[in-house]
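Beneath this line is the structure, given in structure tokens, with notes to follow.
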Number of protein chains: 2
Amino acid sequence: MSLPRTMRRMSERRASDDSRNTLPAARSPRERRVSSQIQREVTQLILDRRLRAGAPLPTEAELMESLGVSRNSVREALKALQALDIVEIRHGYGTYVGQASLTPFVDGLTFRTLARQADDTDDTGALAEILQVREVLEEGLMRRVAGELSDGELARLEAVVDRMEEAGLAGRPFPELDREFHELLYAPLGNALVPQLLGAFWTVFRRVSGVRGWTDDPAPAVTVRRHRDIVVALRAHDVEGAQQAMADHFRGIEARAAQESRGVG
Amino acid sequence: MSLPRTMRRMSERRASDDSRNTLPAARSPRERRVSSQIQREVTQLILDRRLRAGAPLPTEAELMESLGVSRNSVREALKALQALDIVEIRHGYGTYVGQASLTPFVDGLTFRTLARQADDTDDTGALAEILQVREVLEEGLMRRVAGELSDGELARLEAVVDRMEEAGLAGRPFPELDREFHELLYAPLGNALVPQLLGAFWTVFRRVSGVRGWTDDPAPAVTVRRHRDIVVALRAHDVEGAQQAMADHFRGIEARAAQESRGVG
DNA sequence: TCACATTTGTCCGTATGTATG
DNA sequence: TCATACATACGGACAAATGTG
């Protein structure tokens, strides 16, 4: 295989393997840690070659060879990139370009929230901050999308609410439907980052709630009603009304979060 | 040192070192990869002990000992956690609890944007998406904060704009002042996540712009004016006007991004 | 300034688990 | 079932960075 020019630099500064223990390695002052350098090299390799998610990357042995570094350094670099979802490692199969999803953002935000909940004076501070950001975002998104929704999209939204009601009456929780509703609502924007960001906040909220053993929505009927109010307002082209319904929806979530954190938790 | 209960599990399932090459390791079916398990253990250790950012963590040798795993596995796990800014590793000194900042979010978003810019049909698609999210967020934040700003805070905002004007007239770019303005603007909310999120978007935008070799704001005078318009509107308690000024500000950024991506870039 | 101990960084060699064909 | 290719994990050794006496 032939690697691009950027992949050759590190091997050049290590001409003979025999000199490893005799010379001071002669490392360029710019590149401090081998592992960090490998991270940059692999990332650059993906960008230079315009590799898409799922495309195969060089094996560990090939990276060792072309970069002139040990397996350990390669593995540590790949582990770090895996944590960022920049690469995906499949045991016994190979290494591939990752999805570059917001998974690391979710992981980091979850850790943050759990770590700072019992900390100092803040109680539900971290979680409330996430909720506020999500609310502000959705409020603004709603204003943008209110006039753009077609009848077909409104019908699909209503169908989701119907399924919510059905699930609620059957006593089944419907977190996925809630998520689907908000995702569908902002689809007309054509912004792929929006549903991912909202999904990230949603996942963090659920994970933190799960750790604390909260129940799944104590009042599903109310939740269904909030969503239906949104659709009704949107059908009537009532931007303010839709925004108000969304605000009411969030007020319910906040109340629940505040209540449960003080309660049995 | 004494480690909490959660740190003991892995060593228990490896009673004798001699059996390493004779028995099939007898690993619990739940926990597939040793490295991933160590990540969870260390994260849980931080949460259980309520360690704050900067607090010292067990050394690699101590983790090997208490978890009954090899140094390589410990290092790979710590490298992954370092990428998420959950731990911080200092060469020759020790390992510490990280800041849990949005650095991994910035890294991931930057990679995403660079990887998808020359991809397929989308040109400035990814960057435009980030700008739109930031605009929607700031629009909503502005509405919330408009009535809450004190005279002192408005004066500080105006002082930042004055420094912008000064820098602009001197021909110096003022990206940091721009950032400071937006940070100061939403300070009354008391939401620590807000400035970090906006800062993340801001950093991604600058990094991507830097890679493409864009210039620093071709029309600084206009940028200064936009910011002053915001302060003036806020002073007059004109929420709509402030929002409009903010929208104009973003329209300028978008135009610049679209223009430069088609130009010499 | 100079050792010195401690801790992380990198390397090597080997054995094992896992997926594909 | 078998063989191959690959990632996973182990142990030991030395290099490099940092803090301390």
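Naming convention: chains lettered A, B, ... in sequence-line order (proteins, then strands); numbering from 1 in each chain. Nothing here was measured: the structure is a model prediction, and the numbers come from that model.
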Strictly below 4.0 Å: does B/T95 bring a side-chain N or O up to OP1 or OP2 of C/dT7? no
In whole Å, I'd like the distance from the CE atom of B/M64 to the P atom of D/dA9. 14 Å
Might you point out which heavy atoms bring B/L84 and A/A83 nearest each other, and give the distance in Å? CD2-O, 3.6 Å
Is the count of non-hydrogen atoms from other residues, nucleotides or ligands lying under 6.0 Å from B/R206 atom CZ greater than 12? no
Which whole-number value in Å describes the distance from A/Q82 CD to D/dA7 C1'? 11 Å
Could a donor-acceptor pair under 3.5 angstrom be found where the side chain of B/R32 meets the base of C/dG17? no
Under 4.0 angstrom, heavy atoms only, what part of the nucleic acid is B/R75 near: base, sugar-phosphate, or nothing? base
Donor-acceptor side-chain pairing of B/Q196 and A/R112 below 3.5 angstrom: yes
Have a look at B/R71 and say if it touches a base, only the backbone sugar-phosphate, or nothing, with a 4.0 Å heavy-atom cut-off. base
For the pair made of CD in B/E88 and C1' in C/dT8, what is the distance, rounded to whole Å? 13 Å
For the side chain of B/Y93, counting heavy atoms from C-beta on, which of D/dT18, D/dG11, C/dT10 is nearest? D/dT18
Is the base of D/dG11 touched by the side chain of B/N72 through a donor-acceptor pair closer than 3.5 angstrom? yes
For B/V97 and B/R52, which heavy atoms make the closest approach, and how far apart are they? CB-O, 3.4 Å
From CD of B/Q39 across to P of D/dT8 the rounded distance in Å is 12 Å
Would one find a side-chain N or O of A/S73 under 4.0 angstrom from OP1 or OP2 of C/dC11? yes
Under 3.5 Å, is there a donor-acceptor pair linking the side chains of A/Q132 and B/N191? yes
Rounded interatomic separation in angstrom, taking CZ from A/R33 and P from C/dT10: 7 Å
Just the rounded figure in Å: distance from P of D/dC10 to CG of B/L63. 13 Å
Any donor-acceptor N/O pair under 3.5 Å between C/dG9 base and B/H91 side chain: no
Check every atom of C/dT7, D/dC10, C/dT10 against the side chain of B/T59 and return the nucleotide holding the closest atom. C/dT7
In this structure, how many angstroms lie between the P atom of D/dA9 and the CD atom of A/E60, rounded? 11 Å
Expressed in angstrom and rounded to an integer, what is the separation of A/I89 atom CD1 from C/dA19 atom P? 15 Å
